[in-house]
Structures are given as structure tokens and as C-alpha cells.
Amino acid sequence: MSRPTRLIIDTHALVHNLKKIQEFAPQKKIIAMVKANAYGCGLSEVIPTLDGRVYAFGVACIEEALDVRRLGSRSPCVLFQGVFSAEEYVLAAAQGFDCVLHQPHQVQWLLQTPLKHPLKVWLKVNTGMNRLGFRPYEIPRVMQTIKTCSWVAPQINLMTHFACADEPWRPENQQQMDAFAQINVQEFSHISMANSAAIMSFPDTHADVVRPGIMLYGVSPFADKIARDLGLLPVMNFVSALSAVYENPPQGQVGYSGTWKSERTSRIGIVAVGYGDGYPRHIEANTPVWIQGAEVNIIGRVSMDMLAVDLTNHPHIQPGTPVELWGKNIAVERIAQKAGTSGYELLCQISERVRHR
Ligand SMILES: *Cc1c(COP(=O)(O)O)cnc(C)c1O
């Protein structure tokens, strides 16, 4: 027996979510976003499941794309932050990685680094996120410059990213679409705009290629919806088990700082999971876990390796009983809300010591 704290990755749910994406964006090419270890779900399960079913994989940096190659995938990979040094172009071109260009110095490095293999590039345009990218009026000039470079593949692509697509009512969305519409897109091979929220909210932004991330993993990007409302299935099941059960007398406090006290004789369970595994330390009162078909509340402070639950109304639950922190029964979006954060962050925060099963 080993520590029962595990991730169970539901690859059928992953394929189901991919089909949903294809329903939202029929006929569109799909770049599956797998940055940050496939949103914490683990590249080693996600890449073999999606390989051959998507147009390309999307990552933040070359190290992540190399991890995709190490798993045996020959699919295109797009480095969405481009390169962080001129030398990375040599490796990227040799491996067939597409590079995003979002800064003048990345263009300069490219012109100064002769490549044996043609490099596929995406120009990133800043339409209002104001983080990375060229302004729309700069695009024709950048395009002229890179078109003359003999080691840039002739099919040049164009992309942008939405700042507020998870809040579809906000005027910034249309403003970004209007800014994008200023660009003459004729010259570009592929156009891509939509993340998960835009895939679901703005069909007009699907263009040639969509870039789903969070929805692929069965998590809602919208604050007022959970995955099930959108027809998506959770991919990540975060589970553990009860490592101890005991009776606590009236007024007995539980855990660090004794922030919780029994009012009456209580039955307390200890679950073998804590913030050292990526469970959030800061959660509101009455945050649930799932034990034997019921929601049971967490009490007291979450420790590094364990947390306590109130089993007073469940006298028959014994040590060793499985516990779901989030997954099929407890939506991760609910825990995110209780923790004052997003499903994105909770998925990415799962720590390395959590084994997969
Ligand atoms: C992460 C990322 C996405 C996916 O965003 P989701 O909200 O997870 O769908 C799309 N495009 C780019 C450039 C990204 O970095």
C-alpha cells in the first residue's frame, strides 16, 4: 500500500471534450493547448490520447515542445511565446516547431540566424490584451521583413488572443474583433483567434484554427457555469483516502491554530491530502469533499499533507475509505470558487508528488 493521493486522468472524457469542441467549431483545425504539463493533467496521458486527432499542440516554450517530442509525437507544436534566445530557432526549425513572433527582437534574431530547415511562424497581433504582440498597424511592416527571409516558411500565420472572452458581455470582445478586422488577412495562411471561451461564445472568431485549453480538460472558463452545463466532462479526478478516523470531545479543537472546535462529541476524519499536493490552503467554510456518495465538509486549516473532515453524521465511514477532492462528483469549479481562484489555477497547482493511477 502507498499513499492514496492520486490523479486519475479520464482519457475518455478528454476525447469526449474534443468531440464537443468539434461540435462548437465544425470543420475547424484544432490546436490542443497542452502548456503547463497539459494543465496539470500530465502530458504522458494527454499527448498519446490526442495525437493524430488534432492539428497541432500548443505550448508556451521550447522545453514543453521537446517534452511532447519525447513522448513520441511528431505532430506540429506551436511555441506561443516564441523563442527566448536566437539559438532556440535552430532547435525549433530542426524539430519542426512553429514559432510565434510577438516582439521586434524575436524578428531580429530570426533574420540573424540562418536556418537549414524552413521555420513556420505565426505573427501575434495585440488587439487589446496588451501583453504580447505587434499592434495591428505594425503587421504589414513585420510581414514585409520576414517574407524576404529565405528560411521563413512561405505560409505565414496570424493570431491574436482575447482578454475577456470568459465574460462575453464585455465590450472589449467586440473591440478586439474590430481591431483584428483592420488587418489585411489575405496574405496569411492560417488565422487563429479563439480560446475555449471564445469557441463557445463567439462563433465568428473561429477563423481557421481554434485553440482550446481549459475546455479540453473539462473545466468551464465561465465563472457562472460548470463543465456539465457546457456538455463537458471533467478529465482530472483528484482523489485520496481517509488515513485516520477518531472521536473528538466537545470543545476539542482540530488542526493548526485550532480554528475549528467541536460543539459536541464529533467524529473526525483525516484525509491524506494537503496544500503540499496542490489542494488550496485558503478555502471558505463548508468546502466539501466526496466520501461514499455524500458531501462532507472540510474543517479547520488545510495542512501540508492532510486535512480534516467532519464525519459526525456518517458514523459508518471507516479509515481507508476513498475520498474525491474534485472530479466527477465535486466540480473543480466549485472548489475554485471556495478558494477564491479559478479552475485553471487548481489544475496547474497539482504538485509533482501526486502520482497518477
Ligand atoms: C492558454 C492559451 C489558450 C487556451 O486558453 P483556454 O482559456 O485555456 O482555452 C489559447 N491561446 C493561447 C495563446 C494560450 O496561451
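Ligands are counted one by one from 1 in listed order, and the atoms in each one are counted from 1 as well.
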Strictly by modelled atom types, are Thr127 and Gln176 linked by a side-chain donor-acceptor pair under 3.5 Å?
yes
Answer yes or no: does atom CD of Gln337 have more than 12 heavy-atom neighbours from other residues, nucleotides or ligands under 6.0 Å?
no
Could you check whether any side-chain N or O of Glu345 sits under 3.5 Å from a backbone N or O of Thr341, counting only pairs where one atom can act as donor and the other as acceptor?
no
Around atom NZ of Lys147, are there more than 12 heavy atoms of other residues, nucleotides or ligands at under 6.0 Å?
yes
In the protein, which heavy atom is nearest to atom 8 (O) of ligand 1, and how far is it?
Tyr39 OH, 2.6 Å
the protein heavy atom lying closest to atom 11 (N) of ligand 1 turns out to be Arg211 NE, 2.8 Å
Are any of the heavy atoms in Met215 under 4.0 Å away from ligand 1?
no
I'd like to know if the side chain of Asn126 reaches the main chain of Gly128, judged simply by a donor and an acceptor atom lying under 3.5 Å from each other, with no hydrogens or angles considered.
yes
Any N or O on Phe80 sitting closer than 3.5 Å to an N or O of ligand 1?
no
Numbering as shown, the atoms of ligand 1 that approach Ile214 to under 4.0 Å (heavy-atom distance):
6 (P), 8 (O), 9 (O)
Tell me if a side-chain donor or acceptor on Arg211 pairs with a main-chain N or O of Ser196 at a distance below 3.5 Å.
no
Could you identify the single nearest non-hydrogen protein atom to atom 12 (C) of ligand 1 and state the distance to 0.1 Å?
His161 CE1, 3.5 Å
Say whether, by atom type as modelled, one donor and one acceptor occur between the side chain of Lys124 and the main chain of Leu132 under 3.5 angstrom.
no
Write out the residue and atom name of the closest protein heavy atom to atom 14 (C) of ligand 1, then the distance separating them to 0.1 Å.
Lys35 NZ, 2.9 Å
Atom 7 (O) of ligand 1: nearest protein contact (heavy atom, Å)
Tyr344 OH, 2.6 Å
Atom 9 (O) of ligand 1 sits nearest the protein heavy atom Ser196 OG, 2.5 Å
